[in-house]
K.L.:
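Right, I'll just put the structure down here and ask away after.
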Amino acid sequence: MGKEITSRAADYSQWYIDLVKKADLAENSDVRGCMVIKPYGYSIWEKMQQALDKMFKDTGHVNAYFPLFVPKSLFEAEEKNAEGFAKECAIVTHYRLKNDPSQKGKLMVDPEAKLEEELVVRPTSEAIIWSTYKKWIQSYRDLPILINQWANVVRWEMRTRLFLRTAEFLWQEGHTAHATREEAIRETEQMLDVYADFAENFMALPVIKGRKSEGERFPGAVDTYCIEALMQDGKALQAGTSHFLGQNFADAFHVQFTNKEGKLEKVWGTSWGVSTRLMGALIMAHSDDDGLIIPPRLAPLHVVIVPIFKNEDELARISAKADELVKTLRAQGLSVKFDNRDTHKPGFKFAEYEMRGVPVRIAIGPRDLDNGTVEVARRDTKEKNVMTFDRVKTDIPALLDDIQKTIYDRALAFRTNLTTRVDTYAEFKTVLDGKGGFVLAHWDGTAQTEAAIKEETKATIRCIPLDAPPEEGVCVYSGKPSNKRVLFARAY
RNA sequence: CGGGGUGUAGCGUAGCCCGGUAUCGCGCUUGGUUUGGGACCAAGAGGUCGUCAGUUCGAAUCUGGCCACCCCGACCA
């Protein structure tokens, strides 16, 4: 592991890349645009999965798995959806290789093994899932269907960045089918709330819930809801989406049911997802120039114990105490590691665990044994305090709660400072180019204005906040009347 | 797909203009001294210089083709 990462002030993008690599989260693979998620990075993703999966199940959903490949004819059935993803689809056209007669030891695509129908590698699974739902739904008694899947998807992006945008990424996608419009909308909103809850309470990431403008809507959706977060460089990041699909996929795949009155009706749908992009959000929202800062509720390791010793005898004495602490803390439900390696000095270990964002570090040396104390360092503020042995059991769990809260409060204060209400276009541009962040401004509601602003400033409407109070005003761009402010920002 | 750039040890690099089998740092191995904030000293190991061809007595270096990757744009969870 190297010694330093680029500072945020020097080059925010480079800081992010350095951090992902030095904290051992992920690296570029031999496949263009695809990453290897390393064990430590994956363990954080697993924590996210566990928390989300429980929330999905608590709201009545079940997991299932649908195929990676989507026959082209199914994929193209919902026109807007197909059109929206067409430019970034990987396609399977053949199913066999053979020895290349012109080059010894090389393989070539067997031209005789061409598929009758090409298979699209899923960029999202609405098509394959709704073609399946058609077989499952005949009666109102078959509804609702509340299914989630954990899967990988492929979107052939031109430019990629670790976690934030990769050609293949991991995610979960919920796909639900309902008898009524109202129920489907309730589902869409419920899952948005689940995502916001997860972001705020697990990721310690304050988010703004809202609806996308027509231009930013998911292809094939009637309405797209999202949560938007602010990163430390003042750019916005979409952290999750929940779509009300109306009857678009029911239309495309002829999914109908017989209602209580014996009449045929079309099914209403939703879909919702979050991806490994959340890893990027987690990193960019909280971490500092010394490395990762992970909120305790997502940290694979809560506490690391580092012994400080000069010889085997000292290590043995410290180990006895450390083992006791490990037991105590594990009994509190915490993940604890005693790093007794004698191949690295304490200073090296301190730096290493800071880079990896372990929330709490406990150091024990001979001095502590004599005093009946330990040195406790918290990662979020870098504060160090001496604690007596008997306090560890109660004070460490309390400290972790405090760290979780501190990280959230810090992110919220940051966002509050970087959220600006503007009333003129000049001010709009000044704020974007100066302090950045979220800009709340009036918008006339037209796609033309939205596009013009994007063209001129690179800022997009992140969302129309759900909690925006009605307020009479005029569009900063066109001067036409508007009745609420929308959220603008430059985004990832 | 347009514009620019770069490929030398696991990683980061010097050398290239002006041809003579490769520099330095990190990391790695071994031994010793160290250990309360990324240790030090010594000795070692590790390279078809992206690839293919050409020029030459001789190519990391010059010429051409190819490949890969990075950056800027357009596109994007």
Side-chain angles (χ1 to χ4, degrees), chain A residues 1-6 11 13-14 17-18 21-22 27-34 84-89 103 123-124 152-161 163-173 195 212 215-219 221 224 226-229 236-243 271-281 290-291 306-315 318 339-356 361-371 373-377 382 384 386 454-455 458 460 462 491-492:
Chain A
M1 188 171 291
K3 292 197 195 301
E4 295 280 317
I5 58 176
T6 306
D11 184 344
S13 298
Q14 193 58 47
I17 294 165
D18 286 355
K21 292 184 177 167
K22 296 266 169 63
E27 63 188 35
N28 285 308
S29 70
D30 292 334
V31 188
R32 192 203 70 93
C34 296
F85 286 102
K87 308 178 296 299
E88 50 194 38
C89 286
Q103 282 178 289
T124 181
N152 58 339
V153 288
V154 170
R155 297 183 187 174
W156 213 263
E157 300 291 350
M158 301 302 255
R159 283 183 64 192
T160 57
R161 294 186 71 190
F163 289 119
L164 293 176
R165 178 164 298 111
T166 46
E168 178 195 19
F169 57 94
L170 306 184
W171 76 345
Q172 59 67 217
E173 46 182 331
Y195 288 155
K212 285 292 188 191
E216 300 275 329
R217 196 174 286 159
F218 177 77
T224 288
C226 62
I227 51 172
E228 292 286 328
L237 185 81
Q238 179 176 306
T241 48
S242 183
H243 315 291
S271 68
W272 28 275
V274 295
S275 70
T276 36
R277 181 177 236 209
L278 288 180
M279 293 285 294
D290 294 317
V306 177
I308 293 150
F309 58 97
K310 286 194 169 60
N311 51 53
E312 297 240 336
D313 181 52
E314 264 181 18
L315 177 58
I318 293 165
D339 185 352
N340 61 356
R341 287 178 296 174
D342 61 1
T343 51
H344 295 281
K345 290 180 53 169
F348 178 93
K349 295 178 186 175
F350 292 173
E352 188 182 21
Y353 291 109
E354 273 162 17
M355 183 64 75
R356 294 164 79 99
R361 180 185 75 232
I362 296 179
I364 313 178
R367 209 157 69 200
D368 295 299
L369 291 184
D370 294 343
N371 300 336
T373 59
V374 293
E375 182 194 78
V376 176
K382 303 296 248 353
K384 285 192 252 191
V386 172
K454 182 178 180 183
E455 171 73 25
K458 298 200 165 166
T460 49
R462 301 318 304 156
Y492 278 97

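Per chain, numbering begins at 1; letters A, B, ... match sequence-line order.
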K.L.:
Reckon A:T160 touches a base, only the sugar-phosphate, or nothing at all at heavy-atom distances under 4.0 Å?
P.N.:
nothing

K.L.:
Are A:E354 and A:R361 close enough for a salt bridge, meaning some N to O gap below 4.0 Å?
P.N.:
yes

K.L.:
Would you indicate which nucleotide in B:A39, B:G38, B:A77 comes nearest to any side-chain atom of A:S275?
P.N.:
B:A77

K.L.:
If you only use heavy atoms from C-beta on, which nucleotide in B:U35, B:A77, B:G36 is closest to the side chain of A:A363?
P.N.:
B:G36

K.L.:
NA contact type, A:E354, heavy-atom cut-off 4.0 Å: base, sugar-phosphate, or nothing?
P.N.:
base

K.L.:
Would you say the side-chain atoms of A:Y195 pair up with the backbone N or O of A:G273, donor to acceptor, closer than 3.5 Å?
P.N.:
yes

K.L.:
Distance check needed: B:U35 P versus A:N340 CG, whole Å only.
P.N.:
19 Å

K.L.:
Is A:R361 touching bases, backbone alone, or none of the nucleic acid, heavy atoms closer than 4.0 Å?
P.N.:
base

K.L.:
Would you find more than 12 non-hydrogen atoms of other residues, nucleotides or ligands less than 6.0 Å from A:W156 atom CH2?
P.N.:
no

K.L.:
Can you tell me how far apart OG1 (A:T160) and CG (A:N28) are? Round to the nearest 0.5 Å.
P.N.:
6.5 Å

K.L.:
Base, sugar-phosphate or nothing for A:K212? Non-hydrogen atoms, less than 4.0 Å.
P.N.:
nothing

K.L.:
Just compare B:A77, B:G73, B:G36 and give me whichever is closest to any side-chain atom of A:K458.
P.N.:
B:G73

K.L.:
Can you tell me how far P in B:G25 sits from the matching atom in B:G37, rounded to whole Å?
P.N.:
27 Å

K.L.:
Calculate the interatomic distance between A:K454 atom NZ and B:A74 atom C1'; express it in whole Å.
P.N.:
10 Å

K.L.:
Is A:L237 touching bases, backbone alone, or none of the nucleic acid, heavy atoms closer than 4.0 Å?
P.N.:
nothing

K.L.:
Map A:N28 and A:R277 onto RNA chain B by nearest heavy atom, then report which one ends up closer to the 5' terminus.
P.N.:
A:N28

K.L.:
Determine, stepwise, if the pair A:C34 / A:T166 fulfils side-chain contact (heavy atoms from CB on, under 4.5 Å).
P.N.:
CA-CA 6 Å; A:C34 296; A:T166 46; 6.0 Å; no

K.L.:
Roughly how far apart, to the nearest Å, are B:U13 and B:U29 at atom C1'?
P.N.:
23 Å

K.L.:
Which whole number of Å gives the distance between the C1' atom of B:G2 and that of B:G47?
P.N.:
37 Å

K.L.:
Could you give the CE-to-C1' distance, from A:M355 to B:G37, as a whole number of Å?
P.N.:
14 Å

K.L.:
When you measure from the side-chain N and O atoms of A:K87 to the phosphate of B:C1, is any distance below 4.0 Å, counting only OP1 and OP2?
P.N.:
no

K.L.:
Determine the interatomic distance between C1' on B:G12 and the same-named atom on B:U33; round to the nearest Å.
P.N.:
30 Å

K.L.:
Can you measure A:E352 atom CD to B:G27 atom C1' for me and round it to whole angstrom units?
P.N.:
14 Å

K.L.:
Using a heavy-atom cut-off of under 4.0 Å over every strand shown, decide if A:D368 touches base, sugar-phosphate, or nothing.
P.N.:
base

K.L.:
Show your working on side chain to side chain donor-acceptor pair (under 3.5 Å) between A:T224 and A:H243 and close with a plain yes or no.
P.N.:
CA-CA 4 Å; A:T224 288; A:H243 315 291; 2.9 Å; yes

K.L.:
Mind calculating the distance between CH2 (A:W272) and P (B:A77) to the nearest angstrom?
P.N.:
19 Å

K.L.:
Classify the glycosidic conformation of B:U21 as syn or anti, calling it syn when the angle lies within 90° of 0.
P.N.:
syn

K.L.:
Want to settle it: does A:G347 or A:A491 sit nearer the 5' end of RNA chain B, counting the closest nucleotide to each?
P.N.:
A:G347

K.L.:
Give me the distance, rounded to whole Å, that separates B:G50 from B:U61 when you measure between the C1' atoms they each carry.
P.N.:
16 Å

K.L.:
Please report the distance separating the P of B:U23 from the corresponding atom of B:C66, rounded so that it comes out in whole Å.
P.N.:
34 Å

K.L.:
Could you work out the separation of B:G58 and B:A74 based on their C1' atoms and round it to a whole Å?
P.N.:
48 Å

K.L.:
Rounded to whole angstroms, how far apart are CD1 on A:I308 and P on B:U34?
P.N.:
18 Å

K.L.:
Classify the side chain of A:K310 versus the base of B:G36 as yes if they form a donor-acceptor pair under 3.5 Å and no if they do not.
P.N.:
no

K.L.:
Measure from the side-chain N and O atoms of A:T460 to the backbone N and O of A:R462, and report whether any donor-acceptor pair falls under 3.5 Å.
P.N.:
no

K.L.:
Kindly point out which of B:G36, B:G37, B:A77 is positioned nearest to the side chain of A:E375?
P.N.:
B:G36

K.L.:
Would you measure the distance from the C1' atom in B:G15 across to the matching atom in B:C62 and give it in whole Å?
P.N.:
15 Å

K.L.:
To the nearest Å, how far apart are A:F309 CZ and B:U35 C1'?
P.N.:
7 Å

K.L.:
Would you mind telling me which of B:G36, B:A77, B:G37 lies closest to the side-chain atoms of A:K384?
P.N.:
B:G37

K.L.:
Cation-pi between A:R155 and A:F169: NZ/CZ under 6.0 Å from ring centre and within 45° of the ring axis?
P.N.:
no

K.L.:
Picking from A:K345, A:R341, A:K22, what satisfies salt bridge (charged side-chain N to carboxylate O under 4.0 Å, His left out) with A:E352?
P.N.:
A:R341

K.L.:
With a 3.5 Å cut-off and no angle check, do the side chains of A:T6 and A:D18 form a donor-acceptor pair?
P.N.:
yes

K.L.:
Could you give me the stems involving RNA chain B, meaning stretches of three or more consecutive Watson-Crick or G-U wobble pairs whose two defining distances are both below 3.5 Å?
P.N.:
B:1-7 with B:67-73, B:10-12 with B:24-26, B:28-33 with B:39-44, B:50-54 with B:62-66

K.L.:
To the nearest angstrom, how far is A:M279 atom CE from B:A77 atom C1'?
P.N.:
16 Å

K.L.:
Heavy atoms under 4.0 Å, any strand shown: does A:F218 hit a base, just sugar-phosphate, or nothing?
P.N.:
nothing

K.L.:
Which is true for A:Q238 with a 4.0 Å heavy-atom rule: it touches a base, it touches only sugar-phosphate, or it touches nothing?
P.N.:
sugar-phosphate

K.L.:
Of the options B:U34, B:A77, B:G37, whose atoms approach the side-chain atoms of A:F350 most closely?
P.N.:
B:G37

